[in-house]
K.L.:
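Can you read through this structure? Questions will come right after.
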Amino acid sequence: MNKKNVRRILDTLKDMFPDAHCELNHSNPFELLIAVVLSAQSTDKKVNEVTETLFRKYKTPQDYVHVPLEELEHDIKHIGLYRNKAKNIQALCRTLIEEHNGEVPQTLEELTKLAGVGRKTANVVVSNAFGVPAIAVDTHVERVSKRLGLCKWDDSVLEVEKTLMKLVPKEEWTQTHHRLIFFGRYHCKAQRPACESCPLSDICREGKKRLK
DNA sequence: AACTCGGGGCA
DNA sequence: TGCCCAGAGTT
């Protein structure tokens, strides 16, 4: 992908989604961390429904630990993968209490050591909670990056991330991340991408194929 | 690299 | 009914 096309993609995304942002409701880094852990393979809308009541009941890592596992499972019941997530959240909170003075660590390395926190979640937390430039690669970012030709079809998630960090200026990483998400969620959907009305269809593998 | 967890939304 | 959803851990 040449620099001119990259620039055009970034400018077009900015034009389409000027105010793309994190849509997981939260009021501090700890709540964001919990929300992102819950959001794995689920929709942010669903997560917000759950956290609206969850965050009223649980304020601190101690609150999550001082409750039977079954109770926490019940409180997040209608999100998928809830058993894994409940267990991970309690383990994660124990680590915060024992090793981080109850605070959320601010580095990728420390964050990814937490139960249920992988590279994608860690990237979302450092960028949205601590202002660190980052590009978190989720299914949307991976899909649209491959369709637009920003990376190779068979790139791993980590390879996608590295490629994007190389192509995109660092000061635009976080914004670009959010815009790629919005682009994937609202326009370049997994099943029926809106190629007919897409300003990037001419340089997109998927667009060329579908409009042919 | 493939498999599993998983209820809910949407066509 | 089948596919997807702001993934991570295990084998």
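Numbered from 1 within each chain, the chains take letters A, B, ... in sequence-line order.
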K.L.:
Return the CZ to CD1 distance between F183(A) and I9(A), rounded to the nearest 0.5 Å.
P.N.:
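If I round to the nearest 0.5 Å, the distance is 8.5 Å.
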K.L.:
CG of N28(A) to CZ of F55(A): how many Å apart, nearest 0.5 Å?
P.N.:
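The CZ atom of F55(A) is 8.0 Å from CG of N28(A), to the nearest 0.5 Å.
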K.L.:
Mind checking whether V160(A) and L13(A) sit in one hydrophobic cluster, side chains of I, L, V, M, F, W, Y counted as touching below 4.5 Å?
P.N.:
yes
K.L.:
List, by chain and number, the other hydrophobic cluster members for V65(A), where Ile, Leu, Val, Met, Phe, Trp and Tyr join if side-chain heavy atoms come within less than 4.5 Å, directly or indirectly.
P.N.:
I97(A)
K.L.:
Does N101(A), at its CG atom, have more than 12 non-hydrogen atoms belonging to other residues, nucleotides or ligands within less than 6.0 Å?
P.N.:
no
K.L.:
May I ask you to evaluate whether R185(A) reaches the phosphate of dC5(C), defined as a side-chain N or O under 4.0 Å from OP1 or OP2?
P.N.:
no
K.L.:
What is the distance, rounded to the nearest whole Å, between atom CD1 of I76(A) and atom P of dC5(B)?
P.N.:
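About 16 Å, once rounded to whole Å.
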K.L.:
Check DNA chain C against residues 158-176 of chain A and give the residues with a non-hydrogen atom under 4.0 Å, in numerical order.
P.N.:
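Heavy-atom contacts with DNA chain C come from no residue of residues 158-176 of chain A; none.
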K.L.:
How many whole angstroms separate atom CD1 of I135(A) from atom P of dA6(C)?
P.N.:
19 Å
K.L.:
Considering only distance and modelled atom types, tabulate donor-acceptor pairs under 3.5 Å from the side chains of residues 31-40 of chain A, sequence neighbours left out.
P.N.:
{"unit_1": "E31(A)", "atom_1": "OE1", "unit_2": "S27(A)", "atom_2": "N", "d": "2.9"}
{"unit_1": "E31(A)", "atom_1": "OE1", "unit_2": "S27(A)", "atom_2": "OG", "d": "2.9"}
{"unit_1": "S39(A)", "atom_1": "OG", "unit_2": "V36(A)", "atom_2": "O", "d": "2.7"}

K.L.:
I need the CG-P distance between D154(A) and dA1(B), as an integer number of Å.
P.N.:
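Rounding to the nearest Å, CG of D154(A) and P of dA1(B) are 9 Å apart.
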K.L.:
For Y64(A), give me all partners under ring pair (Phe, Tyr, Trp, His ring centres under 6.0 Å), at least two apart in sequence or on another chain.
P.N.:
F30(A), Y58(A)
K.L.:
Could you tell me how far apart N88(A) (CG) and dG7(C) (P) are, to the nearest whole angstrom?
P.N.:
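Nearest whole value for this atom pair: 15 Å.
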K.L.:
Round to a whole Å and report the spacing from NZ of K189(A) to C1' of dA6(C).
P.N.:
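Value for this atom pair: 16 Å.
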K.L.:
Taking DNA chain C as the partner, which of residues 136-146 of chain A come within under 4.0 angstrom of it by heavy atom?
P.N.:
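Listed by number, they are D138(A), T139(A), H140(A), R143(A).
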K.L.:
Tell me, please, which residues at least two apart from E23(A) pass side-chain hydrogen bond (donor to acceptor under 3.5 Å, both in side chains).
P.N.:
R185(A), Y186(A)
K.L.:
Please enumerate all residues that pass side-chain contact (heavy atoms from CB on, under 4.5 Å) together with E172(A), with sequence neighbours excluded.
P.N.:
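side-chain contact (heavy atoms from CB on, under 4.5 Å) list for E172(A), sorted by chain: R7(A), L10(A), V168(A), P169(A), T176(A).
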K.L.:
Could you write out each protein N or O paired with an N or O of nucleotides 1-3 of chain C at a distance under 3.5 Å?
P.N.:
none

K.L.:
What is the separation between atom OH on Y186(A) and atom P on dC10(B), rounded to the nearest whole Å?
P.N.:
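Whole-Å distance recorded here is 12 Å.
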K.L.:
With heavy-atom distances below 4.5 Å as the criterion, would you say the side chains of V126(A) and T107(A) are in contact?
P.N.:
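Counting from C-beta outward, V126(A) and T107(A) never come under 4.5 Å.
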K.L.:
Sequence neighbours excluded, which residues qualify as salt bridge (charged side-chain N to carboxylate O under 4.0 Å, His left out) partners of E71(A)?
P.N.:
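Expected list: K57(A).
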K.L.:
Once you round to the nearest 0.5 Å, how far does CD of Q90(A) lie from CG of L69(A)?
P.N.:
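Answer rounded to 0.5 Å: 5.0 Å.
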K.L.:
Please give the distance between the P atoms of dA11(B) and dA6(C) as a whole number of Å.
P.N.:
14 Å
K.L.:
Which heavy atom of C195(A) sits nearest a heavy atom of S201(A), and at what distance?
P.N.:
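Of all heavy-atom pairs spanning C195(A) and S201(A), the closest is O-CB, 3.8 Å.
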K.L.:
Do F182(A) and H140(A) have ring centroids that are under 6.0 Å from one another?
P.N.:
no
K.L.:
Could you give all pairs that pass the salt bridge (Lys or Arg N to Asp or Glu O under 4.0 Å) test and reach residues 123-142 of chain A, with sequence neighbours left out?
P.N.:
E142(A)-K146(A)
K.L.:
Which whole number of Å gives the distance between the P atom of dG6(B) and that of dT1(C)?
P.N.:
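Rounded to whole Å, the distance is 23 Å.
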K.L.:
In whole angstroms, how far is the C1' atom of dA6(C) from the CG atom of L81(A)?
P.N.:
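Nearest whole value for this atom pair: 13 Å.
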K.L.:
By a strict heavy-atom criterion of less than 4.0 Å, which residues belonging to residues 32-61 of chain A are in contact with DNA chain B?
P.N.:
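Within this stretch, Q41(A), K46(A) sit under 4.0 Å of the strand.
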K.L.:
So that I can tick it off, tell me whether E110(A) and K113(A) are bridged by a salt bridge, with the cut-off set at under 4.0 angstrom between side-chain N and carboxylate O.
P.N.:
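Salt bridge flag = yes for E110(A) with K113(A).
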K.L.:
Write down the distance between CZ (R192(A)) and P (dA11(B)), rounded to a whole number of angstrom.
P.N.:
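Nearest whole value for this atom pair: 9 Å.
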K.L.:
Using a 4.0 Å cut-off on heavy atoms, which residues in residues 105-127 of chain A reach DNA chain B? List them by number, or say none.
P.N.:
none
